[in-house]
J.: 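Shown below is the structure under consideration.
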Amino acid sequence: MSDHVVPHFHNDAGVPMIEIGSKEFMCVGANPPFDHPHVFLDLGNDNEIICPYCSTLYRHAADLAAGEARPPECVLKDKAA
């Protein structure tokens with residue numbers, strides 16, 4: 001089993017940009033059931049990337065921990081917990 005969890009982010013709020021602390025993540029668009037296909041995005045050496053489905057701009061913020069976002073409500077919470 002992997003100990004590396006890929007964080008998921010959404011943009012229900014419709015903000016133009018989400019700052020994140022992760023370089024690898026999933027964009028789900030909006031919260032289910034209004035989500036788009038969950039797409040894996042990898043910033044690599046870049047600091048910004050645009051989701052090809054919902055056009056949300058994600059920007060890496062070094063002051064955020066992995067899995068955190070600004071605004072914080074853009075982190076997809078696990079509904080099973």
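Side chains included, hydrogens not; waters and symmetry mates left out as well; all remaining heavy atoms used. Count residues from 1 along the sequence.
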J.: Output side-chain donor-acceptor pairs under 3.5 Å for residues 6-19, partner residues at least two apart or in another chain, one line each.
T.:
| from | atom 1 | to | atom 2 | distance (Å) |
| --- | --- | --- | --- | --- |
| His8 | ND1 | Val6 | O | 3.0 |
| His10 | ND1 | Asp12 | N | 3.2 |
| His10 | NE2 | Glu73 | O | 2.8 |
| Asn11 | OD1 | Gly14 | N | 3.0 |
| Asn11 | OD1 | Val15 | N | 2.9 |
| Asn11 | ND2 | Val15 | O | 2.9 |
| Asn11 | ND2 | Thr56 | OG1 | 3.1 |
| Asp12 | OD1 | Asn31 | N | 2.9 |
| Asp12 | OD2 | Asn31 | ND2 | 2.6 |
| Glu19 | OE1 | Arg70 | NH1 | 2.6 |

J.: Heavy atoms, side chains only, cut-off 4.5 Å: are Lys23 and Asn45 in contact?
T.: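 No, every pair of side-chain atoms sits at 4.5 Å or beyond.
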J.: With sequence neighbours left out, which residue pairs that include part of residues 44-61 fulfil the salt bridge (Lys or Arg N to Asp or Glu O under 4.0 Å) condition?
T.: Glu48-Arg59
J.: Rounded at 0.5 Å granularity, tell me how far SG in Cys27 sits from CD1 in Ile50.
T.: 11.5 Å
J.: Atom CG of Leu43 and atom CD1 of Ile20: how far apart are they, to the nearest 0.5 Å?
T.: 5.5 Å
J.: Could you see if Leu76 belongs to whatever hydrophobic cluster contains Tyr53? Use Ile, Leu, Val, Met, Phe, Trp, Tyr and a side-chain cutoff under 4.5 Å.
T.: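 Result: no, two separate clusters.
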J.: Can you list every salt bridge (Lys or Arg N to Asp or Glu O under 4.0 Å) pair that touches residues 27-42, not counting sequence neighbours?
T.: none
J.: Does a sphere of radius 6.0 Å around CZ in Phe34 hold more than 12 heavy atoms from other residues, nucleotides or ligands, not counting ones at 6.0 Å or beyond?
T.: no
J.: May I ask you to test the Phe25-Ile49 pair for a side-chain heavy-atom distance under 4.5 Å?
T.: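 With C-beta onward as the side chain, the pair touches.
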J.: If I take atom OG from residue Ser22 and atom CD from residue Glu68, how far apart are they, to the nearest 0.5 angstrom?
T.: 9.0 Å
J.: Between Leu41 and Met26, is there a shared hydrophobic cluster once you connect ILVMFWY residues whose side-chain heavy atoms come closer than 4.5 Å?
T.: no
